[in-house]
Amino acid sequence: TVGTWMFKLIGLSAPPNLNGEYRGTLELDSTTDRGSVLRTEFFMQISQTWQQISLLVQREAMAGGLVFVHSDMASIRVGMMAGVNTLRFVYTFEENLPRRAGVGSMAQQFSGAAMFDFRRDGDTWQVTGHFFDDIGRSGQIRLAQVLAGAASTVAAQGPPPATSSKQPSA
């Protein structure tokens, strides 16, 4: 593109095109059961232009159902490590959590931060990273970019269903 050409002309690395859908797994460390990890599917959509970048994430909630996460601010680090582009972002989300009294749940607003490393594998990006939120949860993700024409059955499915397995970490 013209933008990429302009960056290279003045000796700078052009920002990578991260647009697309990514699917993979999330390992969320339990805040109540030390050593226990919630493993679930993770869906991320990145919309990027020369002026902005936006991330939408869907994952399973701790109490069941789905959580929709959106980025508030993001930046891409280019050229810090050969072959790796780092995406850092802060995000907000609303999640229903069980009430302390043990009866019912209550929707609460939270925020967090994440850092994902993007590495090229042929025509797609492979993503690894970690995150934490303001209620003490943290975890790791592993994602792969889904190409629009390469896996039409996967792309047509939309975001992942809410399924998980709680397994102790090794």
Side-chain angles (χ1 to χ4, degrees), residues 1-10 12-28 39-62 65-96 107-135 137-164:
T1 67
V2 172
T4 301
W5 178 80
M6 288 174 37
F7 271 83
K8 291 188 188 276
L9 180 68
I10 59 174
L12 297 174
S13 298
N17 180 357
L18 304 177
N19 275 306
E21 292 184 358
Y22 298 79
R23 293 178 185 277
T25 58
L26 161 76
E27 293 182 354
L28 183 66
R39 289 181 179 87
T40 187
E41 291 183 33
F42 191 87
F43 172 81
M44 177 172 68
Q45 169 114 30
I46 297 180
S47 299
Q48 176 186 3
T49 66
W50 282 99
Q51 291 82 25
Q52 64 183 14
I53 185 167
S54 176
L55 291 83
L56 298 173
V57 170
Q58 182 176 316
R59 66 165 178 81
E60 184 178 358
M62 295 290 285
L66 296 176
V67 174
F68 298 95
V69 177
H70 67 274
S71 62
D72 296 322
M73 181 174 49
S75 66
I76 302 172
R77 286 187 168 192
V78 179
M80 298 293 282
M81 294 185 293
V84 178
N85 295 291
T86 301
L87 175 65
R88 303 172 108 189
F89 64 99
V90 294
Y91 57 89
T92 55
F93 64 99
E94 186 174 286
E95 185 170 353
N96 287 321
Q108 295 180 342
Q109 185 105 23
F110 301 105
S111 62
M115 187 167 72
F116 294 172
D117 290 332
F118 288 72
R119 290 175 174 82
R120 272 300 207 195
D121 183 15
D123 291 338
T124 63
W125 291 104
Q126 299 296 314
V127 185
T128 57
H130 61 276
F131 66 92
F132 65 92
D133 62 31
D134 59 0
I135 53 176
R137 294 182 297 193
S138 63
Q140 296 78 38
I141 61 101
R142 282 188 168 59
L143 305 170
Q145 185 178 28
V146 179
L147 294 179
S152 59
T153 56
V154 174
Q157 289 176 348
T163 59
S164 71

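Because the structure is predicted, anything quoted here is derived from the model rather than measured. Count residues from 1 along the sequence. In what follows, every heavy atom counts, from backbone to side chain, and hydrogens, waters and symmetry copies are set aside.
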Student check: side-chain heavy atoms of T49 and Q52 closer than 4.5 Å: yes
Listed partners of T92 passing side-chain contact (heavy atoms from CB on, under 4.5 Å), at least two apart: H70, D72, Q109, S111
Contact check, side chains of I76 and Q48, non-hydrogen atoms, under 4.5 Å: yes
Contacts of type side chain to side chain donor-acceptor pair (under 3.5 Å), residue E27, not counting sequence neighbours: R39
Listed pairs under 3.5 Å, donor-acceptor, residues 118-131 side chains, sequence neighbours left out:
residue : atom : partner : partner atom : Å
R120    : NH1  : D123    : O            : 3.0
T124    : OG1  : D121    : O            : 3.3
W125    : NE1  : N17     : O            : 3.1

Which atom of L143 lies closest to which atom of T25, heavy atoms considered: CD2-N, 4.3 Å
Worked verdict on R59 versus E95 for side chain to side chain contact (heavy atoms under 4.5 Å, CB included): CA-CA 11 Å; R59 66 165 178 81; E95 185 170 353; 3.1 Å; yes
Under 3.5 Å: donor-acceptor pair, side chain of S71, backbone of M73: no
Heavy-atom check, side chain of L28 versus side chain of R137, under 4.5 Å: yes
Test ring-ring contact (aromatic ring centres under 6.0 Å, His included) applied to F110 - qualifying residues, sequence neighbours left out: F93
Partners passing ring-ring contact (aromatic ring centres under 6.0 Å, His included) against F89 (at least two apart in sequence or in another chain): Y91, F116
Heavy-atom side-chain contact between Y22 and V146 under 4.5 Å: no
Gap between atom CD of Q58 and atom CD of E41 - 0.5 Å precision: 10.0 Å
Atom pair OG/CG of S47 and N19 - distance to nearest 0.5 Å: 6.0 Å
Nearest-0.5 Å distance that lies between atom CZ in R23 and atom CZ in F43: 5.0 Å
Backbone N/O of A148 and side chain of E21: donor-acceptor pair under 3.5 Å: no
List, one per line, each side-chain donor-acceptor pair under 3.5 Å for residues 81-88, sequence neighbours excluded.
residue : atom : partner : partner atom : Å
T86     : OG1  : D117    : OD1          : 2.9

Student check: side-chain heavy atoms of L55 and Q45 closer than 4.5 Å: no
